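Reviewing the structure listed below.
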Amino acid sequence: MSVETQKETLGFQTEVKQLLHLMIHSLYSNKEIFLRELISNASDAADKLRFEALAKPELLEGGAELKIRLSFDKDAKTVTLEDNGIGMSRDEVIAHLGTIAKSGTADFLKNLSGDQKKDSHLIGQFGVGFYSAFIVADKVEVFTRRAGLSAAEGVHWASQGEGEFEVATVEKAERGTRIVLHLKAGEEEFADGWRLRNIVKKYSDHIALPIELPKEHYGEEKDKPAEPEWETVNRASALWTRPRSEVKDEEYQEFYKHVAHDFENPLTWSHNKVEGKLEYTSLLYVPGRAPFDLYHREAPKGLKLYVQRVFIMDQADEFLPLYLRFIKGVVDSNDLSLNVSREILQKDPVIDSMKSALTKRVLDMLEKLAKDKPEEYKAFWKAFGQVLKEGPAEDFANKEKIASLLRFASTAGEGDEQSVSLADYLGRVKEGQDKIYYLTGESYAQIKNSPHLEVFRKKGIEVLLLTDRIDEWLMSYLTEFDGKQFVDVARGDLDLGKLDSEEDKKAQEEVAKAKEGLIERLKGALGEQVKEVRVSHRLTDSPAILAIGEQDLGLQMRQILEASGQKVPESKPIFEFNPSHPLIERLDAEADEDRFADLSHILFDQAALAAGDSLKDPAAYVQRLNKLLVELSA
Ligand code: ADP
Ligand code: MG
C-alpha cells in the first residue's frame, strides 16, 4: 500500500458512539446481516455513479461494467468487499462514516432501554447500515476514491468501532470503495466461501448488479490458480423487472430491506407493470412499523425513481400524496427522460397521472390488507393510522375510500382499541338511523362515560369515540360516508330524527314550554357565560351538559390553536339541563335568588368538568360548593 498523507484522528459524533455500542450487542443474534448492509451500500454507490455519469460520462473512466467483489483471507481473518461505484471524497468519508445525518437521532437514542431484545427492534426501525460491520469486526478499513477525482485523492479510513477513527489520503488507482473487515476472534466463520455465498444468496440475490466471489477450488492447493477466477453468485437483475409469478416472497422482503433501509419485513406489497399510454413499473411496500422520525418534517419520504432501469433519485416525493408518505418502494418509468430533475417532476403532467394511479394502488393494497389479513391491518393502523387520517383533507377525490380505511374506538367496540370501521358501524345502525354519531375528546377514559352519551346508551345507538389529536380536524373534512352524515353528539341541538318517536317529540316540546320560567332564571344567573339555555333531550343520569354551538370550534381544536399561539375566537357553550333530574327540580323550587345563582354556577362548572374542560375560576367553584356543604351540615 502506498504512503499515507494528511493523516488525522477524529472522534465519532456522540450518537454514533452510542449506536455502535448498542448495535454490537443487540444485533448480535442476527450478525450476518452486516453483509447485506455493505452490499446494499455498494449497490447504492453503483446507482449513484450511473446517474452522475448520465451527465458526465467521463466519470466511468472507461470501466462501465459495475460490480461488487467479495473475497476473504482465512489466514489474515479478513473479509473484503469491493465496488466500483461512486466512491467517497475525504469530506464525504468524514461526514458519512463519522456522523449520523438523520434529524431526531439523539432523541431516538434516548428511548433505548438497555434491554437488548427491545433495543434490537428499535434499532431495526432506525436502520443502521455501515456501522453494522462492527458486529463481526474489531477493525474496519475503508479505501475509497470518488469517481472523477485523481488517483492521488484516495482516502483510507480505519476504526476499531470505539470512540474514534483515522482518515488519511492515499493513492487509489481504481474508483470506488473497498472495505476490509478484520474479523473478531470467534467470527472466523465468515472468512469462508460457502458461508459468504449463502449469505449473499439469502439476503442479496435481488441486487441488480453482479456480486462476484472467487470460484471455489477443489483438489490440490498447488493446482490453485494464482489469480482467482470470479464467479457471479446472485441473480443480478432488477427485481421489479421480473414477472410477479417468478418472485418469491422472501425476495420481495429482502428487496424491501434494501430500498427502505429497514431491518424488518414489510406488512405487504404491490408489484405492478402498467402498459399503454403511460408505461411504468411500480413496487410499493407498507412497512411493518413506523420509523422513529415519521413526524419529522425532514424525514426521508418518497419512492426510489428509476427511468428505464437507471437510478435517478431517492426520495422522489412527487409520486404519492403526503398522507401516504410512509410507503416505500420503487417506480421505474419508460416515459420520463433520463435527465429528469426534481423541478421537472414538479411540473410534468405525466407525474400527476402517475401519482393518482399510484395513490389508488396504495389505497387498494390497504383495502386488501384489511380484508385478507386483519391482524396485519391492525399493525398497520397502529403504526400509520394517524398519518392516514390526514388523507380526507389532502385528497378530496379519494375521501370515501380513505374513510373506509379508517378505524375508530366506539361505544360498541372493544375498549379503547381503534378497531371499528365505518362499514362495521353502518352494519349496526338502528332502524330509522340516518346519521353516524361521534364524540371527540382528549382520551378514551375521559369520554367513555360522557353525559353526552346517555341518550345513545338508552336507545342502544353506537357512537364513535374519537380521541386522537387530529380527530376534530379530520371530522371537519369528513362530512358524510355512504350517504350518511356525521354528527358530533356534543354539538348543536341534538336532533335524533326518526330515532325519536312522535310522542317523544311532543313530550319534549311540552316540557320545554313548562320550563320556560326556569330557563329565564338560569339565563339571568349564568349571564355572559352561556350562549343559550335550553331543556336537554340527551340526558338520563346527569343534571346538565354543555353543548358546543353548531359553528363553534370544539375543545380539541381550541387547545391545538391555543398551544400554537394563535388567537382563538371566543365562543360560548349552550347550557342544557335535564328537567327530570332531582337537582334540577330542587333548583326550580329554590326561592332564594342567591342560592339559585350559586347552584346554577356549580351545575355549569360541573358540566364543564364532565366535558373535559378546565374551569375559568376553579377557586370560585370550590367556594360555592363548600358554602353549600356547610349549609347542608348546619
Ligand atoms: P444509508 O445506506 O442508510 O445511507 P449507511 O450507514 O449504510 O446508511 O451508509 C452511510 C453512508 O455512507 C451512505 O449513505 C453513503 O453515502 C456512504 N457509503 C457507505 N458505503 C458506501 C460505498 N460502498 N460507496 C460509497 N458511499 C458509501
Ligand atoms: Mg446503507
Side-chain angles (χ1 to χ4, degrees), residues 12-13 15-20 22-24 27 33-53 59 66-70 79-105 108 123-135 137 140-149 153-157 159 161 165 167 172 174-181 203-204 207 209 211 254-264 287 291-293 298-302 304 311 313-315 328:
F12 283 120
Q13 181 195 24
E15 283 91 320
V16 177
K17 275 189 257 181
Q18 283 172 289
L19 193 70
L20 271 169
L22 262 149
M23 190 178 47
I24 292 165
L27 293 184
I33 51 108
F34 77 90
L35 195 57
R36 172 184 82 195
E37 294 303 315
L38 298 181
I39 289 174
S40 171
N41 286 347
S43 164
D44 288 345
D47 274 346
K48 284 179 202 158
L49 175 65
R50 233 184 247 123
F51 172 67
E52 286 194 18
L59 288 182
L66 302 184
K67 59 177 174 251
I68 299 170
R69 277 186 167 171
L70 185 58
V79 172
T80 299
L81 186 84
E82 179 150 26
D83 69 61
N84 55 357
I86 191 76
M88 285 176 272
S89 68
R90 187 177 171 119
D91 288 346
E92 286 169 332
V93 166
I94 293 171
H96 298 320
L97 309 184
T99 62
I100 300 172
K102 293 177 188 162
S103 53
T105 304
F108 164 78
I123 284 191
Q125 69 173 301
F126 181 78
V128 271
F130 171 78
Y131 300 110
S132 63
F134 289 101
I135 304 174
V140 176
E141 287 185 278
V142 178
F143 299 88
T144 186
R145 173 166 69 78
R146 199 178 203 289
L149 294 183
E153 292 169 276
V155 185
H156 177 208
W157 178 101
S159 174
F165 61 90
V167 267
K172 188 172 185 295
E174 329 74 33
R175 108 189 140 235
T177 304
R178 179 166 74 246
I179 298 177
V180 183
L181 308 181
Y203 297 108
S204 308
I207 292 291
L209 65 160
I211 303 169
E254 286 310 324
F255 182 70
Y256 163 76
K257 291 175 192 168
H258 167 61
V259 288
H261 299 246
D262 195 349
F263 270 46
E264 309 220 341
F292 80 99
D293 53 1
E298 318 88 277
K301 54 176 172 291
K304 238 178 144 99
F311 168 80
M313 66 179 83
D314 276 314
Q315 300 171 30
K328 303 283 183 197

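Reckoned from all heavy atoms, side chains included, excluding hydrogens, waters and symmetry mates. Here the structure is a predicted model, which is why all the values come from computation and not from measurement. Counting convention: from 1, in listed order, for ligands and their atoms alike.
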| query | Does E37 have a heavy atom less than 4.0 Å from any atom of ligand 1? | reply |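 The answer is no, since E37 has no heavy atom less than 4.0 Å from ligand 1.
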| In terms of the angle between their ring planes, are Y131 and F12 parallel, tilted or perpendicular, with boundaries placed at 30° and 60°? |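 Plane angle over 60°, so perpendicular.
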| request: Would you please classify the geometry between the F165 ring and the W157 ring as parallel, tilted or perpendicular, with 30° and 60° separating the classes? | output: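 The rings of W157 and F165 lie parallel, inter-plane angle below 30°.
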| Mind checking whether the Mg ion (ligand 2) has an N, O or S of S40 under 2.8 Å? |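 No - counting backbone and side chain alike, S40 has no N, O or S atom under 2.8 Å.
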| Judging by distance only, is a nitrogen or oxygen of I179 under 3.5 angstrom from one on ligand 1? |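 No - when backbone and side-chain N and O of I179 are compared with those of ligand 1, no distance drops under 3.5 Å.
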| request: Kindly confirm or rule out an N or O of T177 lying under 3.5 angstrom from an N or O of ligand 1. | output: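 Right, the criterion is met.
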| Of the listed options K48, H96, E82, R178, closest to atom 17 (C) of ligand 1 (non-hydrogen atoms) |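 The residue whose heavy atom sits nearest atom 17 (C) of ligand 1 is H96.
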| From D83, D44, I68 - option closest to atom 23 (N) of ligand 1 by heavy atom |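 Considering heavy atoms of D83, D44, I68, the nearest to atom 23 (N) of ligand 1 sits in D83.
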| said: Between E174 and K172, does any side-chain N to carboxylate O distance fall below 4.0 Å? | reply: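 A salt bridge links E174 with K172.
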| K304/D44 salt bridge by N-O under 4.0 Å criterion |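 A salt bridge links D44 with K304.
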| message | Show the atoms of ligand 1 that are less than 4.0 angstrom away from any heavy atom in H261. | response |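 Taking each heavy atom of H261 in turn, ligand 1 has 1 (P), 2 (O), 3 (O) under 4.0 Å.
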| query | Can you list the atoms of ligand 1 that are under 4.0 Å from a heavy atom of F130? | reply |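 Here the atoms of ligand 1 in question are 5 (P), 6 (O), 7 (O).
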| field | side chain to side chain contact (heavy atoms under 4.5 Å, CB included) evaluation trace for F51 with I86 | value | CA-CA 10 Å; F51 172 67; I86 191 76; over 6 Å; no
| Heavy-atom side-chain contact between H261 and K328 under 4.5 Å |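 No; the side chains remain at least 4.5 Å from each other.
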